[in-house]
Amino acid sequence: MDITFLGHAGFLLSESGNTIAIDPFLSGNPTAVHKPDEINCDYIALTHGHADHLGDTVALAHRNNATVIAAFELANYLADEHGVQNLEPANPGGAVHTDFGWVAFTHAFHSSSYDGRYTGMPCGLVIRMGDDTFYHCGDTGLFGDMQLYGELYKPDVAAVPIGDRFTMDARLGTRAAELIRPRIAIPIHYGTFSALASSAEGFAPAGVEVRELKPGHTIAI
Ligand code: NI
Ligand code: MN
């Protein structure tokens, strides 16, 4: 699996010719290096409806004819207000099976709305492509069932929000990564806006390799 960090909480995952974008927030993201027109993807998976996650989803979905995988109410919002046709709605505990593998929905302790409209549960996403498993925690506080998700899904990589205020900080994110026990942890959701922590300093889970990715950077796992 090739993992490209789009900045903030966004990623592109590619494996065997399949590409999925997660939370593609590019327009208005001061750290992003990609333009929305440069993103080619078959699927878009969303953790929740906040603008810094929904991002350029509508434009990407239309231009790529991509399928959007999102919480039920968020999928309904995209259909009702933006005419997105290829939708796979889900909710925590369930999974969407695709031609590349599957996307499972986990809990996340947060909120989810767009333009005043409720957009369903905030979620984490566990994405299986080929033999690789990527757990995007979404925007969330710390919770003990992260350990259970680690045991169930055995993620190779976990993307953990550590920017404080709206999510965990580096100290709590460290505990989260130690509960999940991935091979690699990528800190996310920091350094984008002044309200967030400016660096990943202090994110140091024991027994887990930390990879700090700059926007536009790709790693192969
Ligand atoms: Ni949020
Ligand atoms: Mn956010």
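Order of listing sets the numbers, starting from 1, for every ligand and every atom in it.
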Problem - Distance-only polar pair, side chains of Asn65 and Asn86, donor-acceptor under 3.5 Å - result: yes

Problem - Other residues, nucleotides, ligands: >12 heavy atoms within 6.0 Å of Glu201 CD - result: no

Practice task
Give the name of the N/O/S atom in Asp52 that lies closest to the Mn ion (ligand 2).
Solution key: OD2

Problem - N/O/S atom name from His50 that is nearest to the position of the Ni ion (ligand 1) - result: ND1

Exercise for the section: Find, among atoms of His110 that are N, O or S, the one nearest to the Ni ion (ligand 1), and state its name. Expected result: NE2

Problem - Heteroatom N/O/S of His48 within less than 2.8 Å of the Mn ion (ligand 2) - result: no

Exercise for the section: Establish whether Met168 and Leu196 are linked, either directly or via other cluster members, by ILVMFWY side-chain heavy-atom contacts under 4.5 Å. Expected result: no

Handout entry: Centroid separation Phe100 to Tyr43 less than 6.0 Å
Key = yes

Problem - Arg128 side-chain N/O to Tyr153 backbone N/O, donor-acceptor pair under 3.5 Å - result: no

Problem - Under 3.5 Å: donor-acceptor pair, side chain of His48, backbone of Thr119 - result: no

Practice task
Among the N/O/S atoms of Asp139, select the one at the shortest distance from the Mn ion (ligand 2) and name it.
Solution key: OD2

Handout entry: Degrees at the Ni ion (ligand 1) between the OD2 atom of Asp139 and the NE2 atom of His48, nearest 10°
Key = 90°

Practice task
Tell me, please, if His53 has any N/O/S atom, main chain or side chain, under 2.8 Å from the Mn ion (ligand 2)?
Solution key: yes

